[in-house]
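Here the structure comes first, spelled out in structure tokens, and everything after it is commentary.
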Amino acid sequence: MPIRPENLHRYPRDWPQISARIRFERARGRCECTGHCGLAHPGGRCPAIHEETHPDTGSVVGLTTAHLNHTPEDVRDENLIAACQLCHLRIDHGHHRVTRSLTLAARTAAAGQLGLLPETALTRTEPPTPPRPTRSRTPAAALHQLPFPDVEQETKPMARISVKIAPLHPDGTECTHAVRPSGKPRDPDSGCAGRRNYVVVCSSCGPVGEPHGLHVLAEPAQSAHRDSHKAVLTPATR
């Protein structure tokens, strides 16, 4: 996976040599994931092989080296694993989600807004139980004196915004058919050509950004767009 410029200083100078040794000398060019990504691989180990077609995604495999504890400075062999793009993204997904939430909270605070709590600090709290209203009878003669709300002046509730990831056929149309994990249709007579890409679709903004080749690659864009709507609705502090 590409290294972000702000993290280059955290990698040792001989990182290219270390990564090549893990991928090609120890792993022999095959993904070493045995469930680290959360998937159950046939035979116990991911079958993806470097520069060959991935059996699940259909894309060409580019073998990478992942840090199991997400610490680039830790280059011990037991902390490194040769992984295909799919396994690497799934291994780092939780870490990237926490990092993204912390970055959003820092940007919101720098802009002078009451930012959202980062995901590492979120705790579930139950709302207090409201007091039970007491029944009181109003005389019929006084009903016409009660201030009824003006229907025309009532504020309408805000429409709920949903951000989803829509699978696409090779021709760019949305796929709603049942498919196998490889993206191919389960029913060959359904007329489905299989899923090729995934695009983020907002109920308010429509399609967002460019299509992605993998569902997991579209998840960061989905979260970022959803967070952008939350940041707009957050009131600024005075």
Q. Going by distance alone, is a donor N or O of one side chain under 3.5 Å from an acceptor N or O of the other, for H67 and T71?
A.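 The answer is no; no qualifying pair exists.
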Q: Could you please spell out the steps behind the side chain to side chain contact (heavy atoms under 4.5 Å, CB included) verdict for I3 and W15?
A: CA-CA 11 Å; I3 302 175; W15 171 247; 4.0 Å; yes
Gap separating the [atom1] atom of [X] from the [atom2] atom of [Y], nearest 0.5 angstrom:
{"X": "Q222", "Y": "H212", "atom1": "CD", "atom2": "NE2", "result": "10.0 Å"}
{"X": "N79", "Y": "L68", "atom1": "CG", "atom2": "CG", "result": "5.5 Å"}
{"X": "I49", "Y": "C31", "atom1": "CD1", "atom2": "SG", "result": "10.5 Å"}
{"X": "R13", "Y": "L8", "atom1": "CZ", "atom2": "CG", "result": "13.0 Å"}
{"X": "I81", "Y": "T64", "atom1": "CD1", "atom2": "OG1", "result": "9.5 Å"}
{"X": "S204", "Y": "I161", "atom1": "OG", "atom2": "CD1", "result": "4.5 Å"}

Q. Is it true that H36 and H88 have ring centroids separated by less than 6.0 Å?
A.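 When the ring centroids of H36 and H88 are compared, they turn out to be at least 6.0 Å apart.
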**Q.** D171/R196 ion pair, N-O < 4.0 Å
**A.**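 Not counted as a salt bridge, because no side-chain N and carboxylate O are separated by less than 4.0 Å.
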What closest approach, in Å, do [X] and [Y] show between heavy atoms, and which atom pair accounts for it?
{"X": "V199", "Y": "G209", "value": "CG2-O, 4.4 Å"}
{"X": "C87", "Y": "C46", "value": "SG-SG, 3.9 Å"}
{"X": "V163", "Y": "C202", "value": "CG2-SG, 4.2 Å"}
{"X": "A221", "Y": "V200", "value": "CB-CG2, 4.0 Å"}

Q) Could you walk me through whether R90 and C33 pass the side chain to side chain contact (heavy atoms under 4.5 Å, CB included) check? A) CA-CA 11 Å; R90 292 183 63 90; C33 180; over 6 Å; no
Between [Y] and [X], is there a side-chain heavy-atom distance shorter than 4.5 Å?
{"X": "E32", "Y": "R26", "result": "yes"}
{"X": "L217", "Y": "L89", "result": "yes"}
{"X": "H54", "Y": "C84", "result": "yes"}
{"X": "D77", "Y": "R21", "result": "yes"}
{"X": "L63", "Y": "Q85", "result": "no"}
{"X": "R195", "Y": "H169", "result": "no"}
{"X": "R30", "Y": "H50", "result": "no"}
{"X": "T53", "Y": "V61", "result": "no"}

Q. Same cluster for I22 and V75 if Ile/Leu/Val/Met/Phe/Trp/Tyr side chains link at under 4.5 Å?
A. yes
Q) Same hydrophobic cluster for L214 and L39, using side-chain heavy-atom links shorter than 4.5 Å among ILVMFWY? A)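 Hydrophobic grouping puts L214 with L39.
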Flag, side chain of [X] to backbone of [Y], donor-acceptor distance under 3.5 Å:
{"X": "R23", "Y": "S19", "result": "yes"}
{"X": "E25", "Y": "A20", "result": "no"}
{"X": "D92", "Y": "H70", "result": "no"}

Q: Please check if atom CZ in R10 has more than 12 non-hydrogen atoms from other residues, nucleotides or ligands closer than 6.0 Å.
A: yes
Q. What pairs with E78 under salt bridge (charged side-chain N to carboxylate O under 4.0 Å, His left out), at least two apart in sequence or on another chain?
A.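 Checked E78 against salt bridge (charged side-chain N to carboxylate O under 4.0 Å, His left out); matches are R76.
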Q: Report the residues that fulfil side chain to side chain contact (heavy atoms under 4.5 Å, CB included) with P211, sequence neighbours left out, ordered by chain and then residue number.
A: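 With sequence neighbours excluded, P211 shows a side chain to side chain contact (heavy atoms under 4.5 Å, CB included) to L168, N197, given in chain and number order.
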Q: Kindly indicate, with the supporting measurements, whether the criterion side chain to side chain contact (heavy atoms under 4.5 Å, CB included) is fulfilled by H41 and T34.
A: CA-CA 7 Å; H41 299 294; T34 56; 5.9 Å; no
Q: Go through the steps for V208 and V201 under the test side chain to side chain contact (heavy atoms under 4.5 Å, CB included), then give the verdict.
A: CA-CA 6 Å; V208 179; V201 179; over 6 Å; no
Q.
One pair to check against side chain to side chain donor-acceptor pair (under 3.5 Å): H177 and D187. What are the steps and the verdict?
A. CA-CA 8 Å; H177 305 91; D187 183 7; over 6 Å; no
